[in-house]
Each structure stands twice: as structure tokens, then as C-alpha cells.
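Written out below as C-alpha cells is the structure these notes cover.
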Amino acid sequence: ANNEELMKAIASEYATAPISEPERALLDYAVKLTREPSDCSEADIAALRQTGWSDSAILDLNLVVAYFNFVNRIAEGLGVQLEPSGIATR
């Protein structure tokens, strides 16, 4: 699959997308961190390490997921709408 097809497959349903097991584990964790952050534990981190992710990569993932969740909640809380051009308006 080319990059565009792969990105569409991941966005549509990453669980069935043609990605590696470590990538799927990372995405599973990102979903859990987004939807059920209080359920995340050291066991989740240990599982990521077992699939080969370094502590640095796990930290990067946490920072990116937290940032996007933070920004999205601000935008949603303020009712920010995106125009087709991608420029935010009220």
C-alpha cells in the first residue's frame, strides 16, 4: 500500500490496517490514553516496552497525545469551527 492508502486505512480503522504489531500497540495505547486516561497504568507502559518501544518513544507518544487532546478540548469548548481553508473562526 502506498502512504496515502495506508493513512486512509489507519484513519478508517487502524485495528485492521496493514501496520506492524508495535505500531498497533502504540495506537491502542494512544486510544486508551485519549478515551480512558485514568485506566492507564505501568502495565500499559510495560506492554509497549515488550513490543520494542523505548522509554523515549513512549514519552513522545504521551506528549503528542496529551497535546492534541488538550488543543481539541479547548477548540471544542470554545466552539471553534474550521473553515474549508483550515483557518479557525468563531
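Keep in mind that what you see is a predicted model, and the values were worked out from it rather than measured.
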**Message:** Can you tell me if E4 has over 12 outside heavy atoms packed within less than 6.0 Å of its CD?
**Reply:** no
**Request:** Can you see which heavy atom on T34 is nearest to which on R73, and at what distance?
**Result:** O-NH2, 3.8 Å
**Asked** Between CD of E76 and CD of Q81, what distance do you get to the nearest 0.5 Å?
**Response** 10.0 Å
**Item:** Same cluster (ILVMFWY, side-chain, under 4.5 Å), L26 and L6
**Value:** no
**Asked** Under a 4.5 Å cut-off applied to non-hydrogen side-chain atoms, are L27 and V31 in contact?
**Response** no
**Prompt:** Are I58 and L33 connected in the hydrophobic side-chain network, where two residues link if heavy atoms are under 4.5 Å apart?
**Reply:** yes
**Prompt:** Shortest non-hydrogen contact from Y14 to I19?
**Reply:** O-CD1, 3.9 Å
**Request:** Could you walk me through whether Y29 and I45 pass side chain to side chain contact (heavy atoms under 4.5 Å, CB included), step by step?
**Result:** CA-CA 9 Å; Y29 179 73; I45 303 304; 3.7 Å; yes
**Request:** Verify, without hydrogens or angle tests, whether E23 (side chain) and S20 (backbone) share a donor-acceptor contact under 3.5 angstrom.
**Result:** yes
**Request:** In sequence, state the C-alpha distance, the side-chain angles, and the governing distance for K8 and E13, and then conclude on salt bridge (Lys or Arg N to Asp or Glu O under 4.0 Å).
**Result:** CA-CA 8 Å; K8 285 180 182 178; E13 183 53 57; over 6 Å; no
**Message:** Please tell me whether L48 and V65 are part of a single hydrophobic cluster in this structure, the criterion being side-chain heavy atoms less than 4.5 Å apart.
**Reply:** yes
**Message:** Membership question, hydrophobic clusters at under 4.5 Å side-chain separation (ILVMFWY): are L61 and V64 in the same one?
**Reply:** no
**Polar side-chain atom of R24 near backbone of A17 as donor-acceptor pair, under 3.5 Å** = yes
**Item:** Common cluster, F70/L63, ILVMFWY with side-chain heavy-atom separation under 4.5 Å
**Value:** no
**Request:** Using modelled atom types only, decide if a donor and an acceptor are shared between the side chain of D44 and the backbone of S41 within a distance under 3.5 Å.
**Result:** yes
**salt bridge (Lys or Arg N to Asp or Glu O under 4.0 Å) evaluation trace for K32 with D39** = CA-CA 8 Å; K32 184 175 183 178; D39 290 344; over 6 Å; no
**Fill in**
Sequence neighbours excluded, the answer for side-chain hydrogen bond (donor to acceptor under 3.5 Å, both in side chains) partners of T51 is none
